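Report on the following structure.
Throughout, residue positions are numbered sequentially from 1 according to the sequence presented. The model shown is predicted, which means the values in this text are computed figures rather than measured ones.
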Amino acid sequence: MTDFGIRPATPADLQDLLDLINELAVAEEFPFPVTVTADDLAESLFGQEPVAEAVLAFAGKRLAGFAVFYQTFATTTGRRGLHLDDLFVRPEFQGLGYGRLLLRHLARIAQEKGCVRFEWWALKTNTSAIKFFKHVGARPMDELLIFRTSGSSLAGLASGEA
């Protein structure tokens, strides 16, 4: 295995993060437009009140992948959790154990932060990711559905029109 390393992303990494996010969207045939900008990432990851964190993975000096994650809270446990928003290993580095090392790194972060769970979503069409996640011991949450409101629907709900 090539010298593999993981480090926290910095503001200097914004373009690399944007590139990886777009590569991930193409690779998984993401069904929605990718509208994130460098300014969005700068504010969300490094602004006054960061809402997420990111790490970059390297094989030697070559950028191999990334992960973006944030803390959650569950009223049923009264404890925090860690939510993985995205994890991506570039195709030329897949199958080398780097995805597992990224997940292990994030699991350690979850433990260090006192999280009682570490969770993420996967597109139903991303069968290779689903197979990988099951292989590392994760299980799908069949008892939950994800609901979303955005755009005019969000505005209507917020204004009382919905």
Side-chain angles (χ1 to χ4, degrees), residues 1-72 80-113 115 117-138 140-141 146-154:
M1 184 181 291
T2 305
D3 184 29
F4 182 78
I6 299 170
R7 68 162 173 80
T10 69
D13 298 315
L14 288 171
Q15 188 57 56
D16 285 336
L17 286 167
L18 282 171
D19 292 345
L20 289 163
I21 289 166
N22 283 297
E23 288 176 39
L24 170 61
V26 169
E28 68 180 8
E29 297 178 14
F30 191 66
F32 307 104
V34 176
T35 60
V36 66
T37 67
D39 288 341
D40 294 331
L41 287 178
E43 179 64 27
S44 297
L45 299 176
F46 310 111
Q48 282 287 83
E49 294 184 42
V51 295
E53 299 176 60
V55 294
L56 296 176
F58 292 88
K61 294 184 182 213
R62 294 176 61 204
L63 182 57
F66 82 114
V68 174
F69 57 96
Y70 54 88
Q71 290 185 53
T72 62
R80 68 183 73 207
L82 195 74
H83 180 84
L84 170 61
D85 192 60
D86 276 322
L87 181 144
F88 177 64
V89 174
R90 286 181 158 157
E92 63 266 33
F93 299 105
Q94 292 177 6
L96 301 174
Y98 296 162
R100 181 185 293 269
L101 290 172
L102 268 167
L103 278 178
R104 182 178 295 149
H105 181 81
L106 297 174
R108 287 185 189 131
I109 290 172
Q111 287 184 321
E112 290 167 7
K113 293 181 180 286
C115 298
R117 60 183 170 213
F118 174 33
E119 57 195 7
W120 56 89
W121 305 340
L123 289 173
K124 292 178 183 180
T125 56
N126 195 344
T127 55
S128 62
I130 293 168
K131 180 179 177 184
F132 168 65
F133 295 146
K134 287 180 178 179
H135 182 71
V136 299
M141 301 294 297
I146 298 170
F147 290 88
R148 176 180 293 163
T149 182
S150 61
S152 61
S153 176
L154 175 59

Taking all heavy atoms of [X] and all of [Y], pick out the closest pair and write down the distance.
X: A9; Y: F46; result: O-CE2, 3.3 Å
X: T149; Y: S153; result: OG1-OG, 2.7 Å
X: A67; Y: L106; result: CB-CD1, 3.7 Å
X: L87; Y: G99; result: CD1-O, 4.3 Å
X: P8; Y: D13; result: O-OD2, 4.3 Å
X: R90; Y: L20; result: NE-CD2, 3.5 Å

Taking the side chain as every heavy atom from C-beta outward, state whether [X] and [Y] have any pair of such atoms under 4.5 Å apart.
X: V68; Y: I21; result: no
X: D85; Y: W120; result: no
X: M141; Y: E119; result: no
X: F88; Y: E28; result: no
X: F133; Y: L103; result: yes
X: P140; Y: K134; result: yes
X: L123; Y: F30; result: yes
X: L56; Y: L17; result: yes

**Message:** For E92, I'd like to know if atom CD has over 12 heavy atoms of other residues, nucleotides or ligands within 6.0 Å.
**Reply:**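 Yes, CD of E92 has more than 12 neighbouring heavy atoms, counting only those of other groups under 6.0 Å.
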**Request:** Hey, can you tell me if H83 and W121 have their rings parallel, tilted or perpendicular (30° and 60° cut-offs)?
**Result:**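 Perpendicular.
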**Request:** Check whether NZ of the Lys or CZ of the Arg R104 lies under 6.0 Å from the centre of the six-membered ring of F4 and within 45 degrees of that ring's axis.
**Result:**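 No, R104 does not sit over the ring of F4.
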Going from [atom1] on [X] to [atom2] on [Y], what distance comes out if it is rounded to the nearest 0.5 angstrom?
X: F118; Y: K113; atom1: CZ; atom2: NZ; value: 12.5 Å
X: L82; Y: I109; atom1: CG; atom2: CD1; value: 7.0 Å
X: E49; Y: E43; atom1: CD; atom2: CD; value: 8.5 Å

**Request:** Taking D19 for its side chain and D16 for its backbone only, find out whether a donor-acceptor pair lies under 3.5 Å.
**Result:**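 Judged by distance alone, no pair lies under 3.5 Å.
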**Message:** Please evaluate residues H105 and V55 with respect to the criterion side-chain contact (heavy atoms from CB on, under 4.5 Å), reporting the C-alpha separation (whole Å), side-chain torsions for both, the decisive distance (0.1 Å), and the verdict.
**Reply:** CA-CA 9 Å; H105 181 81; V55 294; 4.1 Å; yes
